[in-house]
There are 2 protein chains.
Amino acid sequence: MKRGQLLGSLEQIILLALVRLDGTAHGMIVRREIEERTGRNISIGAVYATLERLEKKGYIRSFTGEPTPQRGGRAKRLFRIEGAGKRALQISEQTILSMTAGLKDHWGTI
Amino acid sequence: MKRGQLLGSLEQIILLALVRLDGTAHGMIVRREIEERTGRNISIGAVYATLERLEKKGYIRSFTGEPTPQRGGRAKRLFRIEGAGKRALQISEQTILSMTAGLKDHWGTI
DNA sequence: CATTTCTTATACAATATAGAACAAATGGAC
DNA sequence: GTCCATTTGTTCTATATTGTATAAGAAATG
């Protein structure tokens, strides 16, 4: 039962966060970024689980960063988006665009 | 373990199809519309399962149409998007927009 | 060694998916 | 007219994938 044509909605959001964060992203920061931008409060577990899956699919890659010199500042696991991840984002965007094109006339009042 | 902040990606696509089809949408047509616009081939079972879920959530409503006078033209179950469905679409769109705003500088080359 | 920052593990709910079974309509064969 | 094969359309069943929260674990330092 193959899948994988489109990203899940959280996958998409997290990938977009990684793009903006330019390789400085670790779990906590990704979570904060999403919350600040969208108001959506995701649990930290949800973030890591999704990052894990994205890495397994080859959309992102993770590596270990240096610990920062502060109370509890342990080494971070940093995430970076890969080419495949960017392409997946583009496909998702294109799909929604195709479905949306010229829809104004049908929308009506809400 | 509540959920329901955002639409799933297929839910979103199907809602968009319903907007365009303006109350003339039944399962087979929704499927065809999506395939023609996006090239994505979804099984008919997937379409109906999603429509079912969307109706349960109050995003769409279904009713029975007249049979058309043609070979096998049995009565159709028609689907129409409701106000709540349109609002859900807007929230999804807004969320992606927030995550996307000003991202060009970070995108780089693929 | 208690506290802080960060990650992993665990468990379960919600979505996505395919394929097969089922249902209703009708054009012909007879 | 009445079967019935064919067509159009829907529902059922079963499973994979994603989304989610909470708790447990691990490393750093004052």
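- The CG-P distance, from B:Leu51 to C:dT17, rounds to 13 Å in whole Å.
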Heavy-atom protein contacts under 4.0 Å, nucleotides 22-30 of chain D, coded B base, S sugar-phosphate only, - none: B--BBSBBS
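- Between the CZ atom of B:Arg40 and the P atom of C:dA18 there is a distance of 9 Å, rounded to whole Å.
- The interatomic distance linking B:Leu7 (CG) with C:dT15 (P) rounds to 9 Å, in whole Å.
- Distance A:Ile13 CD1 to D:dT18 C1': 13 Å, rounded to the nearest Å.
- Residue A:Lys57 places at least one side-chain N or O closer than 4.0 Å to OP1 or OP2 of D:dT18.
- Between the CD atom of B:Glu52 and the P atom of D:dT13 there is a distance of 13 Å, rounded to whole Å.
- Sorted by residue number, the members of residues 17-36 of chain B with any non-hydrogen atom under 4.0 Å from DNA chain D read B:His26, B:Gly27, B:Met28.
- By the 4.5 Å side-chain criterion applied to Ile, Leu, Val, Met, Phe, Trp and Tyr, B:Leu78 is assigned to a cluster that also includes B:Phe63.
- Residues passing the salt bridge (charged side-chain N to carboxylate O under 4.0 Å, His left out) test with A:Arg53, sequence neighbours excluded: none.
- Here A:Asp105 pairs with nothing under the side chain to side chain contact (heavy atoms under 4.5 Å, CB included) rule; sequence neighbours left out.
- Taking atom CD on A:Gln12 and atom P on C:dA16, their separation rounds to 13 Å, with Å as the unit.
- With a 6.0 Å radius and a threshold of 12 heavy atoms from other residues, nucleotides or ligands, B:Glu93 has its CD atom at or below the threshold.
- Annotation: side-chain hydrogen bond (donor to acceptor under 3.5 Å, both in side chains) contacts involving residues 66-78 of chain B, sequence neighbours excluded, comprise B:Glu52-B:Arg77, B:Glu55-B:Arg77, B:Ser62-B:Arg77, B:Thr68-B:Gln70, B:Thr68-B:Lys76.
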Exercise answer: donor-acceptor pairs, residues 20-30 of chain B side-chain atoms, under 3.5 Å, sequence neighbours excluded:
from: B:Arg20; atom 1: NE; to: B:Glu33; atom 2: OE2; distance (Å): 3.2
from: B:Arg20; atom 1: NH1; to: A:Ala101; atom 2: O; distance (Å): 3.1
from: B:Arg20; atom 1: NH2; to: A:Met99; atom 2: O; distance (Å): 2.8
from: B:Arg20; atom 1: NH2; to: A:Ala101; atom 2: O; distance (Å): 2.9
from: B:Asp22; atom 1: OD2; to: A:His106; atom 2: ND1; distance (Å): 2.8
from: B:Thr24; atom 1: OG1; to: B:Leu21; atom 2: O; distance (Å): 2.6

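- Note on B:Lys76: every side-chain N or O is 4.0 Å or more away from OP1 and OP2 of D:dT7.
- With sequence neighbours left out, the side chain to side chain contact (heavy atoms under 4.5 Å, CB included) criterion links A:Gln12 to A:Leu7, A:Leu16, A:Leu89, A:Ser92, B:Ile96.
- Applying the side chain to side chain contact (heavy atoms under 4.5 Å, CB included) rule to B:Ala49 yields no partners; only residues at least two apart in sequence or on another chain are considered.
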